Amino acid sequence: MQRLKTTLSLGLVSLACMIAPSHAQTAETVTIYSSRIEQLLKPTLDRYTQETGVKINLLTDRGGSLAERLAAEGASSPADVLITVDMGNLWSAAERGLLQKVDSPTLNANVPANFRDPGSRWWGLSQRERTIFYAADRVQPSQLSTYEDLADPKWKGKLCLRTGKQAYTQSLTAMLLAKHGVEKTETIAKGWVANLAGDVFTNDTSMLQALAAGQCDVSIINTYYYGRLLDKEPQFGEKVKLFWANQGVEGDGAHVNLSGGGVTAHAKNPEGARKLLEWLSSKEVQAAYVNGTFESPINQQAEADPIVQAWGKFTPSPLNAADIGSQQPEAIRLLDRVGYR
Ligand code: FE
């Protein structure tokens, strides 16, 4: 009897020994699949770990690949959070059932209603404005007004545009579809193509340089690429200037795309995922989330980088990001139809 008791207690001790080291490893973990630039996101996530003790596993890849991976992994996916860019991608991730509905008054308060999913599956985390840029020595801002106006023959041979194969062009077209419907948007897209100064571009920075080099006079570009150039070369702002599109008309505004995130459908730690997204959207953390990106914070109480602030206030399109995102498949077909390469 005595011997049995000893064996039993020895057994308990060794069991306790086995549990003890693994206890540290089971500290709360949140796994993120993100298409955001790792060097920019990592310091913010490290700060979260310092503040909360929650360990973050970060997997970075292209947005499309991450959605494919989530879909393929299904219920066995280790991902708790998906962070990606573009409202078309966010809408599509939700549509494919890769994200779950989350009830969060905090996220709803931090993120303006037009920059989040009405079905509460994703929220914008930063704003990526896409607006008009012009060559300061050849165009007066008084000549500029809207994206639609760039389809007017007066801009023939003067327009630089990004390829229609790219999500930024598709989302801008999707916004026009949500606003005007198919027929009018088709006319606009045809007009753009007719006004092109040359081949479409495969990146936004090249379009800024083309404006400066005199290859074209007007373009539609994401503002953060301009911010990156200005950061390195402030005098670039004398050659190429930003114009906020579609201002001063009731119900209209400049096109704002998003980076954003949601809790994955099969999250192992959905609570932790929600808390992390809430933290990322908070006023205190938003400046860090957009730091170095020259995007605008999604939380309207947070301050943007001084370079971004210098571009002034503007009115964003009031259309809901999901209503724009859902038009993206139609936008792709439309661009193809009108010969927008
Ligand atoms: Fe970009």
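The model shown is predicted, which means the values in this text are computed figures rather than measured ones. Remember, it's 1-based here, ligands and their atoms both numbered in the order they're listed.
Using a distance-only test at 3.5 Å, with no hydrogens or angles considered, no donor-acceptor pair links the side chain of Glu186 to the main chain of Val338. Looking at Thr205, its side chain never comes within 3.5 Å of a backbone N or O of Tyr225 through a donor-acceptor pair.
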What donor-acceptor contacts under 3.5 angstrom involve side-chain atoms of residues 227-241, with partners at least two apart or in another chain?
unit_1 : atom_1 : unit_2 : atom_2 : d
Lys241 : NZ     : Gly237 : O      : 3.1

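Look at Glu28 and Lys275 and you find no salt bridge, because none of the NZ, NE, NH1 or NH2 atoms lies under 4.0 Å from a carboxylate O.
In this structure Glu73 satisfies the side chain to side chain contact (heavy atoms under 4.5 Å, CB included) test together with Tyr33, Arg69, Ser76, Ser77, Pro78, sequence neighbours excluded. By the salt bridge (charged side-chain N to carboxylate O under 4.0 Å, His left out) test, Arg341 is found to be paired with no residue, residues two or more places apart in sequence or in another chain being considered.
Nearby protein atoms of type N, O or S around the Fe ion (ligand 1) amount to 3 (distance under 2.8 Å).
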